[in-house]
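Written below as structure tokens is the structure these notes are about.
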Amino acid sequence: MVGSRIAARRLRTALALIAFALIHGSSQAGTPVFGQPSWSELSSSQQRVLQPLSADWDNFESWRKKKWLDIADKYPRMRAEERERVQQRMKAWAKLTPEERQAARDTFRNVQKASSVEREALRQMWTEYESLPAEEKQRFQASRSGPRPTTPQ
Amino acid sequence: MKDELRFGYRIRQLLDRDASQVDGAVADRLFTAREEALTRQRGVVAELSMAGGGHVATEPAFGYLRLILATMALSIGAAGSYFYWNTFEQATENAEIDSALLADEVPFSAYLDQGFIRWLDHVSQQEDSEQP
């Protein structure tokens, strides 16, 4: 009886310590875990950067807002052409499904591991593909194994 | 109130004086009587404790129930915190990769365009067949 009381007291102390560690840990990291600002609560500079997302912002989950706020923090350190690309693409990126975004991230990570020569080759190939006539691209998009018969050899 | 205090003080003085005047035999009897009274009191307290046995037995049960509930609440809280924390950690990581991906020269649509991937296959096959 006495032993079990001591065990219960120890368990209670351990629980209190864990609770303290949880609260202390989350407060130390400095990231607000709950609640992220609504569109009207953003600073003017954040609103300027995230303007393409203004219509959808208030419907975003907290962690998505946090991600975009982190991107907005990085934005001033980007080159002018990078900033332009980010703003042009962010709306379309936000409209993708989580699975599509993850697939794009995974491929991008793999591409980043390639050499700069290979990455430059990929960029050129994309430019070349983009310049194909629309119907030619559609044929490749519709085909499962590649439209060899319709493509000039 | 003032009179009561004065009266109490006088009584105490009288008792102190009388106690100092008690002879040895009387003092021994008083001591024995006191001991007996204390023993009887201990017995009554023990009996009362046994009579309240139900209360004594149920108290630890409530204590354990409280402990179990507290453990469950804390476990749920810890799991929730872990989920949230993990999600926010993921958000930070995604901010890194997404900012690089969105700023890159190759647009993200290239990585999702199955037509582009098939076209790359097609071109590389062409190049292979053209090689002597």
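Letters go in sequence order (proteins before strands), and every chain restarts at 1. Values in this document were obtained by computation on a predicted structure and should not be read as measured data.
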Taking atom types as modelled and ignoring hydrogens, do the side chains of [X] and [Y] form a donor-acceptor contact shorter than 3.5 angstrom?
| X | Y | result |
| --- | --- | --- |
| Glu120(A) | Gln124(A) | yes |
| Gln90(B) | Asn86(B) | no |
| Gln102(A) | Arg105(A) | yes |
| Lys67(A) | Thr92(B) | no |

Polar side-chain atom of [X] near backbone of [Y] as donor-acceptor pair, under 3.5 Å:
| X | Y | result |
| --- | --- | --- |
| Asp98(B) | Ile71(A) | no |
| Gln87(A) | Val49(A) | yes |
| Arg89(A) | Phe108(B) | no |
| Glu118(A) | Ser115(A) | yes |

The interface call for Leu96(A) against chain B, heavy-atom contacts under 4.5 Å, is side chain
With a 4.5 angstrom heavy-atom cut-off, could you sort out which part of Met78(A) is near chain B: side chain, backbone, both or neither?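 Looking at Met78(A), just its side chain touches chain B.
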Option that, when pairs with chain B are counted at under 4.5 Å, heavy atom only, ranks first among [options]:
| options | answer |
| --- | --- |
| Glu100(A), Glu130(A), Glu81(A) | Glu100(A) |
| Gln138(A), Gln88(A), Glu128(A), Arg119(A) | Glu128(A) |
| Ala103(A), Ala104(A), Ala92(A) | Ala104(A) |

In terms of heavy-atom proximity below 4.5 Å to chain A, should [X] be classed as side chain, backbone, both, or neither?
| X | value |
| --- | --- |
| Glu96(B) | both |
| Ile97(B) | both |
| Ile117(B) | neither |
| Asp104(B) | both |
| Ser109(B) | both |
| Asp121(B) | neither |

